[in-house]
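Quick notes on the structure that follows.
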Amino acid sequence: MAERSFKKEVEHLRAGSGETFTGEGILAITKALLENGVGYVGGYQGAPISHLMDVLADAEELLGELDVRFEANASEAAAAAMLAASVHYPIRGAVTFKGSVGVNVASDALANLSSSGVNGGAVVIVGEDYGEGSSIMQERSHAFAMKSQFWLMDPRPNLPSIVQSVGQSFELSEASNTPVMLMVRIRSCHVTGSFECSDNKRPALTVKDALANPQRDWNRVVLPPMSFAHEQDKVNTRWPKAQQHIIDQQLNEFFGPKTGDLGLICQGGMYNGVIRALQRLGLADIYGNTDIPLYCLNVTYPLVDQEFLQFSKGKKGLLLIEEGQPEFIEQGFSTMLLRSDLKVKLHGKDVFPMAGEYTGQVLLDGITAFVKQHAPDLLPGQMRAPNQMAPSLPDLSQTVPSRPPGFCTGCPERPIFAALKLAQQELGEHQISADIGCHLFASLPPFDIGGATMGYGLGPASNAAFDGGGERRAISIIGDGGFWHNGLSSSIGNMVFNKADSVAVVVDNYYSAATGGQDILSSRADNPTKSTKNPITKALRGVGVEWVRQIDHTYDVTKMRAIFHEALTTDYDGPKVIVASSECMLNRQRREKPQRNQMIRLGARMEVPRFGVDEDICTGDHACIRLSGCPSLSVKHLSDPLRDDPVASIDQSCVGCGNCGEVADAAVLCPSFYRADVVHNPTRIEAWWAGLTARLISWLQDRRMAGQIQFSEIAR
Amino acid sequence: MNTPLELRPTLPDERLNSVIKIAILAVGGQGGGVLTSWIESLARNQGYAAQATSVAGVAQRTGATIYYIEMAPLGSAMPVFSLAPAAGDIDIMIAAEMMEAGRAIMRGFVTPDRTTLIASTHRTLALSEKMAPGDGIASSDEVRAAAEIAADQLILFDMEQLAIDNGSVISSALFGALAGSGALPFARAGFEEAIRASGKGVDASLRAFGAAYARAQSDTDAAPAASPVTRAEQSGEQITSQITSGPKDLLKQWQEFEDEARSLPCPQMALSGLRKVVGFQDLAYGRSYLDHISTFAQQDQGDGRLAEAAAKHIANAMCYDDIIRVADLKTRKARFLRIHTEMASGEKPVQLTEFFHPRGEEIISLLPASLGAWIEARPRLAAWIDRRLNRGRRIRTHRLRGFVLLYVIAGLRRTRRRSLRHRVEQAHLHAWLTLCHETLPQNYECAIELLQCRRLIKGYSDTHARGLSKFARIMAVVPALIDRDDAGQWIARLREAALGDEDGTDLDGAIKTVMSFAHPAAQAS
């Protein structure tokens, strides 16, 4: 079960012709797939398209009604490979994953798919994780389109355009027998808006129909000599067909006056930002009617010579607004200009920065610089000579702390890394490699564990150079998500085969948690449409790992540390794998809290735990925080003038996971932590006994107080 | 320039002024998404076109997250809205936390020509603020000062507390403050309708909304909001008052002590210190506290700094954290009442589990001094005892058995003075105070700083040992510095370095620097 449920929203996907859909970009894309008669869908979760996978999963019933097959693929490679169904059969298929890392993983399948060419429309919806909010290396998926010759759509970021581009992608794919990548940027995925619906369409040929009538064409197989023919076919047939289709169907758009000295060209995804900059310069109105001709590339690959040269004709200056590096589109256009007789000056990365997100300010600055150079009179007076001084503000850069993401309150991974930190305090620093997933937050303070991340499921593989062992064994981290994605073969298989004398830790939180809590093979939930409850330990033994330790309660820091200690010091010199399992607290709370409240309402006996700190006992050195970083464990100043340093304090959001107490115990920190279990609906005998004990305790307390000077504080 | 363009410089489209741009900066998990959808549905219901975007992803896991909304009255077509906030182009900036307000200002999202800044003054501390061994909390006052310059209109109060007081979460308080600010051209009823339409926790949300609305309205009418409770205000005695009770004869003696403390140049601190020391042991211990601080107070040069430093740090030194003190604090009635209040348990039973991990040496240190020292002189015996005793213990103090165990340990207070720990602490106190006294006639400032270095010693077990070691390292530098006018400043710098990081590497670096100029001869050789 995913972190966010779309069950309610999914009902809107049934809307038909004449109805208006209002909602998020992700949902709009799903609706568009159904309206375009898609035959099968799949993908692999990851920001910013995680919710697309969640929506598809929640819409499985509706998909079934339309005979659309949904597959939660094991990886992006698996998802891209699924598009093979469209190679031989005229079935429309769509898969989704994130770019550029998902595209990296999928690139083998994508390259083969592109070589074979497709019969049915094959669309990859890529959530391009670039710019603010991105969690990955900053690269472009664009390069993959260029090397494998598949086409790249980058629609304008509003719902009608995005919805339209889904249909256009299928058509472009079918017209040119080439897969199409539909790129949506982070903010486009979550942008809200409305569009007019059409009826959902059943696929003309379903996957079931296809199974009943198998087809094959050996010309599509990527083997010599066909592979050589494929290359020729790509450039001689499919490419020109695609260009012609783009022109005929007007996939790229032209805005503003037909003629002019200047022209702007932008990727579709940049359109709103470009218009906003023009609006601020007085060069476009509220509806985007621009005074400067604008050529909007909704298809960013392939580029269309005829369109570009026609647009350039008669112009003196062109500005290309292309986000990301290197400047592939600018290079393409430059070649076209070189081979033409046109004498137009093409600007791009000379006025814009080569790298980084094109924010509002960057766009404003770049376009201003271009206009200043070619037509300075166009700029409003204020832009030419600003006369209003910005007020000088105090510098807050030393004050405002950065706020990187971290483990959630009660996260079961926190005690794993607390234990590892303690084990290292005992045995010395070790070489530790990390992986992709929530557990990567351990590389940040307070844990500072693990350096390199080489890719999803590649944690142990990235420690392979150290597999030979040495004075201190190498440790690698891998999550359950990464384990099933790729890790079992690439990382664990690699360790077994090479007789690695190193330690791998599988952080098992029952979900693909970082991407939003999707189920995976080893999830422990019942999932009616997927096979869950396949133990990781069984897979490990299956591939030949002999030293396996499973801990089913990661919060036991002392035990966790003992296991690390054993793995790092044992005489056994083969691969050692620790499986540390406890459920993702975010998911667990979402599942259990309503149930618990319901039970309490119904009168059932329930103990609700929460932790607290005795502030008189806490001395304010914050060692507990350096082994935790829990959001609910904070510090506060006391009113006591004798105390300089703030003391630890636990707020209402504590879920009582127990990490604080366990760490205080394992690290021998201090006795200030306590756990308080409030007993709801106690049994009658229990309540009577508790009352009696409380009275006795109270009597003892009074007895001691009687002989001493007492100071008590009262609020005024 | 032969321009075929009929272009002339024009002012921006006036209709663009009708576009309202709202950015929300929140910490992951604060409900920024809910607030965004309320604002969006409000705008649509009021006949506006609206667009919202957010950046989901890992930042939702407790990181800083931004949401962005644009809206404009419906016209002939759909306006082209931007997907991201731009510096200098924001009408309403909502910050769900004080430092996020600071971040918004740093990013240029708050400008005096147009921006209404609505921010909650409460703090959700960043990890870097919490991790420092000393006080790493960032200054809200600096952000407030910047906000007053940067914002056109400023709504600033603790919306988190207001939400909690009304049984809701901060998003409803922020929404109420937005309505109350008058920055959006919509009536209050429209806002409330948006909350009702969302259908979750409506009553509590409306309560918090209403309270925040009223508060924001009064803020916009009157002068800027009252400052949030600063540290100084918090620590002032105007918030609470102290009641002293006990047997008559003891009270009489206490009154004399209290009068004596009040006559010192630092009455408040001396009184707090006296209470702490007497609470820790007894009145006789309070007597020796007063004797210690009086000798310093007499040499105070008038501004009370020396007396205050002595009163504060000697009290802390005398109230060392032994097992007796912990057991005493854990078994007090006031504590039980406090926990019941904090857990809001009402009549429901509360089960308490204490996490103890006493080590052998802490238990040995409770023994009579000579016996304890005898054992400590025999490492193998001490190690054997440690092996038998050193383990985590969960003590359930809501049960008689667990409570009585701690109660009995707390009762050892009567024999504390004879314990090994007491002897060690007294020797340490004596050495420190002697050094301070020796320094005083030579370098007044330095003596004050040395007193304040006691702040380094805190915590239990390893943490305590690390603190002691840092303290000792600084004390060892004193002879090299004593003749310099800036000795005090250097000691203060060393102390700050020691408080800055756990391992003391910063401190070692700072000491090296000091030694390089204090002992150039030694360096050269």
Side-chain angles (χ1 to χ4, degrees), chain A residues 47 133 135 187 190-192 260 272 275-276 279 282 285-288 291 360-361 380 393-394 396 399-401 403 405-406 616-617 619 621 623 625-626 629 631 634-635 637 639 641-642 644-645 661 664-665 668 670-671 673-679 682 690 697 701 709-713 716, chain B residues 5 10-13 15-16 52-55 57-58 61-64 77 79-80 82-83 86-87 99 102-103 106 125-128 130 133-135 138 142 146 231 234-235 240 243 245-246 250 272 275 326 329 333 343 345 348-351 353-357 392 403 458-461 463:
Chain A
S135 53
R187 287 169 197 278
H190 301 292
V191 74
T192 58
N272 286 34
I275 292 295
R276 171 51 50 84
Q279 286 172 338
D285 72 6
I286 186 169
Y287 303 118
D291 295 341
Q361 195 61 46
L393 288 174
L396 293 177
T399 309
V400 176
R403 207 187 287 279
D616 304 334
I617 298 174
T619 59
D621 72 284
I625 289 169
R626 292 189 290 276
S634 189
V635 297
H637 281 295
S639 55
L642 296 168
D644 287 309
D645 296 321
D665 171 359
V668 201
C670 80
F673 287 99
Y674 64 85
R675 191 179 75 216
D677 297 88
V678 177
V679 184
I697 286 176
Q701 286 166 330
I709 286 250
Q710 295 292 322
F711 307 104
S712 46
E713 259 184 16
R716 247 182 210 172
Chain B
L5 273 174
T10 47
L11 286 171
D13 183 0
R15 288 168 299 183
L16 282 168
T53 50
S54 61
V55 176
V58 288
R61 309 275 187 259
T62 74
V80 176
S82 172
L83 276 75
M99 284 304 135
R103 202 182 313 284
M106 276 168 67
L125 299 181
L127 187 61
S128 56
K130 302 194 281 191
D135 184 357
E142 285 178 39
R231 174 129 200 252
Q234 269 183 0
S235 55
T240 56
I243 291 188
S245 55
L250 295 185
S272 298
R275 281 198 195 103
V326 172
L329 292 171
K333 191 164 212 168
M343 300 296 157
S345 52
K348 297 187 260 301
V350 176
Q351 306 179 343
T353 310
E354 319 286 351
F355 292 80
F356 274 84
H357 192 141
F403 180 84
K458 53 186 175 179
Y460 303 77
S461 60
T463 317

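Because only heavy atoms are used, hydrogens play no part in the values below, and waters and symmetry mates are left out as well, while side chains stay in. In the text below, chain A, chain B and the rest are named by the order of the sequence lines, each starting its count at 1. Keep in mind it's a predicted model, so treat the numbers as computed, not measured.
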* Test V635(A) against L125(B) for side chain to side chain contact (heavy atoms under 4.5 Å, CB included), laying out the working first. => CA-CA 8 Å; V635(A) 297; L125(B) 299 181; 3.3 Å; yes
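Proximity to chain B (any heavy atom under 4.5 Å) is restricted, for R276(A), to the side chain, taken from C-beta onward. For a residue to count as touching a neighbouring chain, one of its non-hydrogen atoms must lie under 4.5 Å from one of that chain's; by this rule S245(B) touches chain A with backbone and side chain alike. For a residue to count as touching a neighbouring chain, one of its non-hydrogen atoms must lie under 4.5 Å from one of that chain's; by this rule I275(A) touches chain B with the side chain only. Looking at P401(A), both its backbone and its side chain come within 4.5 Å of chain B, counting heavy atoms on both sides. For chain A, the nearby parts of S272(B) are the backbone and the side chain; heavy atoms of each come within less than 4.5 Å.
With chain A as partner, the option from M99(B), Q351(B), M343(B), M106(B) having the largest number of non-hydrogen pairs under 4.5 angstrom is Q351(B). Looking only at heavy-atom pairs under 4.5 Å with chain B, the residue among C670(A), A690(A), A623(A) that has the most is C670(A). Ranking N272(A), I709(A), T192(A) against chain B, the residue ahead of the rest is T192(A), based on heavy-atom pairs under 4.5 Å. In terms of heavy-atom pairs under 4.5 Å with chain A, the best-connected choice from S128(B), A86(B), S461(B) is S461(B). Chosen from V678(A), L642(A), V191(A), the residue pairing most often with chain B at heavy-atom distances under 4.5 Å is L642(A). Ranked by heavy-atom pairs under 4.5 Å with chain A, the first of E354(B), R103(B), E142(B) is R103(B). Ranked by heavy-atom pairs under 4.5 Å with chain A, the list G134(B), G246(B), A138(B) is led by G134(B). Between chain B and the residues G629(A), G360(A), A676(A), the most heavy-atom pairs under 4.5 angstrom are made by A676(A).
In this structure, L329(B) CG and I617(A) CD1 are separated by 5.0 Å, a value rounded to the nearest 0.5 Å. For the atom pair OG1 of T53(B) and NE2 of H190(A), the computed distance is 9.5 Å after rounding to the nearest 0.5 Å. Rounding to the nearest 0.5 Å places OH of Y287(A) at 10.0 Å from CG of L16(B). Atoms OG1 and CZ, on T463(B) and R626(A) in that order, are 7.5 Å from each other to the nearest 0.5 Å.
In this structure, the side chains of I243(B) and S712(A) come closer than 4.5 Å at one or more pairs of heavy atoms. In this structure, I625(A) and L127(B) have side chains that are in contact, with non-hydrogen atoms separated by less than 4.5 Å. At least one side-chain heavy atom of Y460(B) sits under 4.5 Å from a side-chain heavy atom of P671(A).
Nearest heavy-atom pair, F711(A) versus R275(B), reported as atom, atom and distance to 0.1 Å: CE1-O, 3.3 Å. Of all non-hydrogen atoms in R15(B) and D285(A), the two that sit nearest each other are NH2-OD2, 3.4 Å.
Checking each of T619(A), D645(A), D621(A) against K458(B) for a side chain to side chain donor-acceptor pair (under 3.5 Å) leaves exactly one that passes, namely D645(A).
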